[in-house]
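Let me begin by presenting the structure, written as structure tokens, before commenting on it.
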Amino acid sequence: MLNPPSLDLPGLSADRPETIAYPSARGPRPAVGRGAGLACPAEKPLRDRLRAMAADLVASWRSGGMPAGARSAAGLRSQAEILCQRAGAGASHVGWTMVTIVSEHWRDKLSAGSSGRRLLLLPDCPMAVRPAESSDVSRPPHLCGPGCVIGTLWGAAREQGWVVETTPRAVAGIGGLLTGQYDGILGVARLEHLEKAFAMVPAFALPIAAVPFDPQGVTTLDSPAGGSAACASAAARSALDVEWVLGLLGVAGGQTAPVADHLPLLREAAELFLPASLRGIAATAGVPDALDWMEGRPEPLVSTARFAADYLGRGGKFLRPFITLASFEALTAKDEDSAGRSDADRTAVRAAAVAVEVFHKASLIHDDIEDADGMRYGRKTLHEEVGIPVAINTGDHLLGFGYRIMATLPEVDAGCRADLVAMLSEAHVRLARGQGAELWWRDTRDTPLTVPEALTIYGLKTSPAFEVALSIGVRLAGVLPTAAGAIDRYARHVGVGFQVLNDLKDWHGDPENARHAAGDLLGGRPTVMWALARERVPAADLQRLSRLAEEARLPGGPSSADVIAAARRLYGSADVFARAASIVDAERAGALAAAATCRRSRLREVFEFLLDLAVPEGAAAQLVG
């Protein structure tokens, strides 16, 4: 499919330089022949727009029928030219758009195919070191190292039941399609190779889809030290959109079945923290006095319960309890609507969801103290309101309350309760390790912070909450978390991506919580942004910036605006923002690949929905742009 010799696509062949002209009321656009070259659209928004238009075109064919002329190469070209004109794309993008239309046409058939009956053809990673030429065409693709994008696609495809080969096997693969060995083929290859491959069969005759990319200008690594961020950045420069490939594989997007409506569970998660619900959960746990909502000045013996109850109801997205509820529902819901089940059937998971949020709220109280933050949920942080000693004690009280809930879950056997407590305690320990590492680096600034170290800290601080929220719901549904897919790997990617995205958001400020732009820098907190800057900014400049940030926290010091302006200049010169955005994209792609390891479609939908909430597609690019 992707590199057969001496094959040309009708209308795009080297020996027939056909002219392309756009119809327009203002006259024809400049004509471009084959000699002018084919190109993948360099800007991702343009690629996304063309793909969306191609998907809409194919959808219209399903309802109204494909025009007879569209099945020919000339007809396909005409359709692609119209889309390019509407999208504002160049004439050199027509070939890319033709391939995209065909791929969208076959999307549903490919994603829903049987295990072992679909073939994915992958190229070598453009950053991989090229070994000596080998005649072994059955070898796996060459990877640049851990976290390689091509390796991610390879693993996701294998988990979905695809047969995976390298592009030199294209001709044999198409032969297998013709003889009935395969029901469909998806290939990732250079656009000039795809134009040759598509000549082997008429357009739309066989289920063959492709994702073009252009690796020119990507530098081969001398060693596998670039990591997932460098590889993801190279993929982006090559116009290789990982999520499009994953969607065609059936991992994300393009589902033929409707996506679950998660709004009821989101509402339920929030309503768990109304006083009536919390009173019931506290009573069931045997500690009815753990929370108190009495009006007036609290008496000494109930003051902690009063502060704890108030803090639990202050707000937030209640995302973590939602995750617990949703993962449980995904594994226990019947084929028909499960809304008819009574709350009595779900008492344990509702209580466990509350415990997950209780632990999260306790960690926020302690984090706000350690980070000297003054606002949370649009009001003063608890330690600013009641003092640091009382706030610390309230956080400790909530931790005890959370463990009590888990240890007394109703109608849950002792073995399951022990597993749940172990999950929570392990998450608690990992979170404390991550926070401790961050504090250590903050207080010993002379010690360099590397990008891998920063990302490891992020993984320890942020990922455990996502992992334990998912795992508890799964375990209460009667499934061992290890049997539900790579939850740990998924949570690590979501957590790291979420935190790096927050680092980028930090440069835009947070009016609700009275955080000014670059609050982490001004607060002296170590971040991956600082670690990225260390790799390219001269040490003397970084030392000067660090000193300015420290002086800005003192009376009479330089203004925050001056420090931020200096930091933006330095970070811009080192491409810090774009490189951080590449890390976010890489972590999102890694999370999607990990989600693909889940064989249960409804639970996989929960994974994908959570990812869209925590690390929305394109969010980092918007912040950088």
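Because only heavy atoms are used, hydrogens play no part in the values below, and waters and symmetry mates are left out as well, while side chains stay in.
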Q: Kindly indicate, with the supporting measurements, whether the criterion side chain to side chain contact (heavy atoms under 4.5 Å, CB included) is fulfilled by V211 and S103.
A: CA-CA 8 Å; V211 175; S103 298; 5.7 Å; no

Q. What do the steps show when you test E467 against R430 for salt bridge (Lys or Arg N to Asp or Glu O under 4.0 Å), and what is the final call?
A. CA-CA 11 Å; E467 181 179 346; R430 286 163 58 198; 3.2 Å; yes

Q | Residues R579 and E535 bridged, charged N to O under 4.0 Å | A | yes

Q. Nearest 0.5 Å, what's the OG1-CZ distance between T597 and R489?
A. 5.5 Å

Q: Would you please test D241 and R47 for salt bridge (Lys or Arg N to Asp or Glu O under 4.0 Å) and show each step?
A: CA-CA 9 Å; D241 297 323; R47 297 196 300 274; 2.7 Å; yes

Q. If you measure from the Lys or Arg side-chain nitrogens to the Asp or Glu carboxylate oxygens, is any gap between D612 and R588 under 4.0 Å?
A. yes

Q) Side-chain contact, heavy-atom cut-off 4.5 Å: K361 with R314? A) no

Q. Is the distance between the ring centroids of F359 and F401 under 6.0 Å?
A. no

Q: Consider only side-chain N and O atoms of W244 and E104, and report whether a donor and an acceptor are under 3.5 Å apart.
A: yes

(Q) Using ring centroids (six-membered ring only for Trp), state whether Y458 and F498 fall under 6.0 Å. (A) no

Q: Answer yes or no: is there a donor N or O on one side and an acceptor on the other, between the side chain of R320 and the main chain of V354, under 3.5 Å?
A: no

(Q) Would you say CZ of R433 has more than 12 non-hydrogen atoms from neighbouring residues, nucleotides or ligands within 6.0 angstrom? (A) no

Q | E453-T456 side chain donor-acceptor pair, cut-off 3.5 Å | A | no

Q. How about Y490 and F466: are their ring centroids closer than 6.0 Å?
A. no

